[in-house]
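Just so it is clear, the values below take in all heavy atoms, side chains as well, and ignore hydrogens, waters and symmetry mates. Since the model is a prediction, treat every value here as computed from it, not as a measurement.
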Amino acid sequence: MEPNPRNFPILSYVLSRIKPPKLFHDSEIDIEQPPTNPNQEEQEECELVIQMPHLKNPEILSSMTSAVHEISQTRSILQTLGERPDHETVDKARVKISDIDSRLSKQLEEIVLAPRPEGTDRLEWRTWQGEKEREKREEAEKEKSVFKAIIAMDEMHEEYERLLRDAENRLVRIYGCVVGKGSCEDFVEKDELNEEVVGILRESSVKSLEMVDLSGRLLRFLPEAFGSLRGLVLLNLSNNQLEVIPDSIAGLENLQELHLSSNLLLTLPDSIGLLLNLKILDVSGNKLKALPDSISHCRSLVELDASFNALTYLPTNIGYELVNLEKLFVQLNKIRSLPTSVCEMRSLRHLDVHFNELRGLPYGFGNLTNLETLNLSSNFSDLTELPLTIGNLTNLKELDLSNNQIHALPDTFGRLDNLTKLNLDQNPLVIPPMEIVNNGVEAVKEYMAKRWLDILLEEEQKSVLQENNPAQIGWLTRSTSWLNNWVAGVSGSVAGYLGTGDKTYRDPVLDQQL
């Protein structure tokens with residue numbers, strides 16, 4: 001669970017000095033990224049030392065080591081507990097706890113409102129009520145313990161990530177103080193309001209603006225007053241240095257396109273969910289670890305690009321509400337699973353999830369019958385199989401499954417009639433054989449279609465065989481079921497009566513019924 005050297009270069013360098021290098025290279029980089037090439041790590045380390053030569057100073061390294069002591073402790077604990085649960089599992093755990101609390105509330109209400117039986121002493125009755133209340137609370141707490149553990153695990157991983165960010169910032173300040181780049185308190189430069197932004201705000205007070213393009217201006221700050229441009233239809237803030245988008249963006253009620261790509265955003269404001277007319281949202285190339293749940297309220301969205309970030313999950317309900325979404329791009333993230341709600345995006349035509357950590361697709365994925373292009377490549381060792389329902393994607397034209405660990409295509413694969421482009425490179429495929437794969441997409445479809453037909457014929461033959469042997473198969477199944485229902489509660493089993501059990505015992509009641 002080492003911090004990613006790309007996001008936390010100084011912290012990674014300091015931790016590598018604390019323990020033997022071999023251990024550093026053998027550990028898996030858990031919350032940040034799959035393991036990197038040791039040679040690449042060494043190169044990045046050299047580049048860091050060139051930029052910050054005083055890192056080799058023993059006194060500076062000693063100060064930095066003391067400053068990150070808690071990181072080592074937390075890392076050891078998390079390695080023992082295991083990996084972080086996915087977002088959908090955490091959401092379900094919270095729902096379960098809420099349901100248990102709701103049920104407990106009703107039970108306690110019933111206990112309190114229950115009438116006291118005649119002849120029962122009031123004190124004894126209240127004692128009984130108190131005991132019942134305690135029992136119900138204990139039962140509920142025991143039932144919630146599993147779900148609380150899931151939430152606690154998620155919170156621990158979240159806290160660990162916060163510790164990493166804080167530690168990196170702390171090390172930057174320490175380095176700056178020691179080499180005389182300024183006081184620790186003033187190490188971060190102050191943002192100044194861009195003159196062009198001021199000019200746009202002044203212009204908006206005179207006339208209504210529909211389009212504003214501030215891309216590539218090196219902006220580090222966007223004033224709250226920007227939310228007053230209510231007539232704005234398109235806003236382009238891509239290729240800047242923005243770390244925060246103000247909550248006031250909710251005031252852009254007519255906004256249809258918002259471009260925020262290639263900035264330094266760690267989060268998006270919850271208020272973005274109030275942009276009900278938003279059709280295109282591009283937040284690619286940032287440092288987002290999650291999309292706000294409120295993004296599901298942007299029901300007019302047609303295109304969402306959140307690629308090149310650090311997302312580990314998508315909002316649980318995203319598919320239930322973004323029913324108009326046609327394009328979803330979330331490649332180059334760290335997503336381990338897609339929420340089941342994605343299967344409700346019936347308008348989706350293009351989905352790109354390549355270079356993530358996907359372990360599979362939801363079973364209902366076949367509901368996306370309008371899907372035309374699907375890229376699942378480069379999920380490497382994580383993606384080993386596809387759901388059987390993928391055969392329902394009858395409009396699919398392009399499918400990329402390269403660089404995974406898929407051994408067999410689903411038996412329904414031959415039903416993808418419109419598939420014209422297929423990439424299966426770098427998979428340990430057995431079904432279909434590689435000689436079939438090498439002959440192209442049509443050969444694969446034909447092979448899988450024939451295989452599916454053979455399976456259906458085999459099932460039909462089994463069905464015919466059962467129908468032709470009712471005395472041996474069907475009669476025994478039906479009779480056993482009937483007898484079990486008829487003599488429910490009678491001692492002795494039907495199996496024993498039919499001769500598979502104790503032959504010396506015959507139930508007289510069963511004899512009489514027969």
Keeping the roles fixed (side chain from [X], backbone from [Y]), state whether a donor-acceptor pair exists under 3.5 Å.
{"X": "Asn333", "Y": "Ala306", "value": "yes"}
{"X": "Asn324", "Y": "Arg299", "value": "yes"}
{"X": "Asn277", "Y": "Ser300", "value": "no"}
{"X": "Asp270", "Y": "Ile272", "value": "no"}
{"X": "Asn263", "Y": "Ser261", "value": "yes"}
{"X": "Ser307", "Y": "Phe329", "value": "no"}
{"X": "Ser248", "Y": "Ala225", "value": "no"}
{"X": "Asn286", "Y": "Leu260", "value": "yes"}
{"X": "Asn395", "Y": "Glu372", "value": "no"}
{"X": "Asn403", "Y": "Ser377", "value": "no"}

Residue pair Glu143, Lys96: steps toward the salt bridge (Lys or Arg N to Asp or Glu O under 4.0 Å) verdict: CA-CA 9 Å; Glu143 191 176 354; Lys96 285 287 187 182; over 6 Å; no
For the [atom1] atom of [X] and the [atom2] atom of [Y], what is their distance to the nearest 0.5 Å?
{"X": "Leu258", "Y": "Ile280", "atom1": "CG", "atom2": "CD1", "result": "10.5 Å"}
{"X": "Thr384", "Y": "Asn427", "atom1": "OG1", "atom2": "CG", "result": "10.5 Å"}
{"X": "Leu291", "Y": "Ile318", "atom1": "CG", "atom2": "CD1", "result": "6.5 Å"}
{"X": "Phe308", "Y": "Gln331", "atom1": "CZ", "atom2": "CD", "result": "6.0 Å"}
{"X": "Asn404", "Y": "Phe380", "atom1": "CG", "atom2": "CZ", "result": "8.0 Å"}
{"X": "Leu396", "Y": "Arg349", "atom1": "CG", "atom2": "CZ", "result": "13.0 Å"}

Please give me the minimum heavy-atom distance between [X] and [Y], naming the atom from each residue.
{"X": "Ser294", "Y": "Pro269", "result": "OG-O, 4.4 Å"}
{"X": "Leu222", "Y": "Leu237", "result": "CD2-CD1, 3.6 Å"}
{"X": "Leu276", "Y": "His297", "result": "CD2-O, 3.5 Å"}
{"X": "Leu422", "Y": "Val441", "result": "CB-CG2, 3.8 Å"}
{"X": "Pro339", "Y": "Pro315", "result": "CG-O, 3.7 Å"}
{"X": "Val342", "Y": "Leu368", "result": "O-CD2, 3.4 Å"}

How about [X] and [Y]: does a side-chain donor come under 3.5 Å of a side-chain acceptor?
{"X": "Asp86", "Y": "Thr89", "answer": "yes"}
{"X": "Glu88", "Y": "Ser337", "answer": "no"}
{"X": "Asn392", "Y": "Arg415", "answer": "yes"}
{"X": "Asp425", "Y": "Ser402", "answer": "no"}

So, do [X] and [Y] sit near enough that their side-chain heavy atoms are less than 4.5 Å apart?
{"X": "Leu234", "Y": "Asp213", "value": "no"}
{"X": "Leu351", "Y": "Asn375", "value": "no"}
{"X": "Val212", "Y": "Leu232", "value": "yes"}
{"X": "Ser347", "Y": "Asn370", "value": "no"}
{"X": "Leu376", "Y": "Leu358", "value": "yes"}
{"X": "Glu203", "Y": "Leu209", "value": "yes"}
{"X": "Ile335", "Y": "Val330", "value": "yes"}
{"X": "Leu288", "Y": "Leu266", "value": "no"}

Steps toward side-chain hydrogen bond (donor to acceptor under 3.5 Å, both in side chains) verdict (Thr373, His350): CA-CA 5 Å; Thr373 65; His350 306 282; 2.7 Å; yes
Residues Glu141, Arg137; criterion salt bridge (Lys or Arg N to Asp or Glu O under 4.0 Å); working and verdict: CA-CA 6 Å; Glu141 206 57 40; Arg137 290 186 184 277; over 6 Å; no
Chi angles and distances behind the side-chain contact (heavy atoms from CB on, under 4.5 Å) call for Arg94, Asp91: CA-CA 5 Å; Arg94 289 195 173 100; Asp91 275 1; 3.9 Å; yes
Derivation of the side-chain contact (heavy atoms from CB on, under 4.5 Å) call for Leu242 and Leu264: CA-CA 5 Å; Leu242 296 172; Leu264 304 173; over 6 Å; no
Among Leu399, Leu401, Asp400, the one residue meeting side chain to side chain contact (heavy atoms under 4.5 Å, CB included) with Leu424: Leu401
Listed partners of Tyr320 passing ring-ring contact (aromatic ring centres under 6.0 Å, His included), at least two apart: none
For Phe413, all residues meeting ring-ring contact (aromatic ring centres under 6.0 Å, His included), sequence neighbours excluded: none
Return yes when atom [atom1] of [X] has more than 12 non-hydrogen atoms of other residues, nucleotides or ligands closer than 6.0 Å, and no otherwise.
{"X": "Glu138", "atom1": "CD", "value": "yes"}
{"X": "Arg134", "atom1": "CZ", "value": "yes"}
{"X": "Gln426", "atom1": "CD", "value": "no"}
{"X": "Lys279", "atom1": "NZ", "value": "no"}
{"X": "Glu210", "atom1": "CD", "value": "no"}

Derivation of the side-chain contact (heavy atoms from CB on, under 4.5 Å) call for Val197 and Phe221: CA-CA 10 Å; Val197 172; Phe221 174 71; over 6 Å; no
Steps toward salt bridge (Lys or Arg N to Asp or Glu O under 4.0 Å) verdict (Asp305, Lys327): CA-CA 8 Å; Asp305 189 346; Lys327 298 179 181 179; over 6 Å; no
Verdict with reasoning, Leu214 to Glu196, per side-chain contact (heavy atoms from CB on, under 4.5 Å): CA-CA 8 Å; Leu214 287 170; Glu196 190 173 359; 3.8 Å; yes
Candidate pair Glu357 and Arg359, rule salt bridge (Lys or Arg N to Asp or Glu O under 4.0 Å), full reasoning: CA-CA 6 Å; Glu357 300 171 18; Arg359 300 173 182 179; 5.8 Å; no
Contact list for residues 230-246, test side chain to side chain donor-acceptor pair (under 3.5 Å), sequence neighbours left out: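 Sorted result for residues 230-246: Asn236-Ser238.
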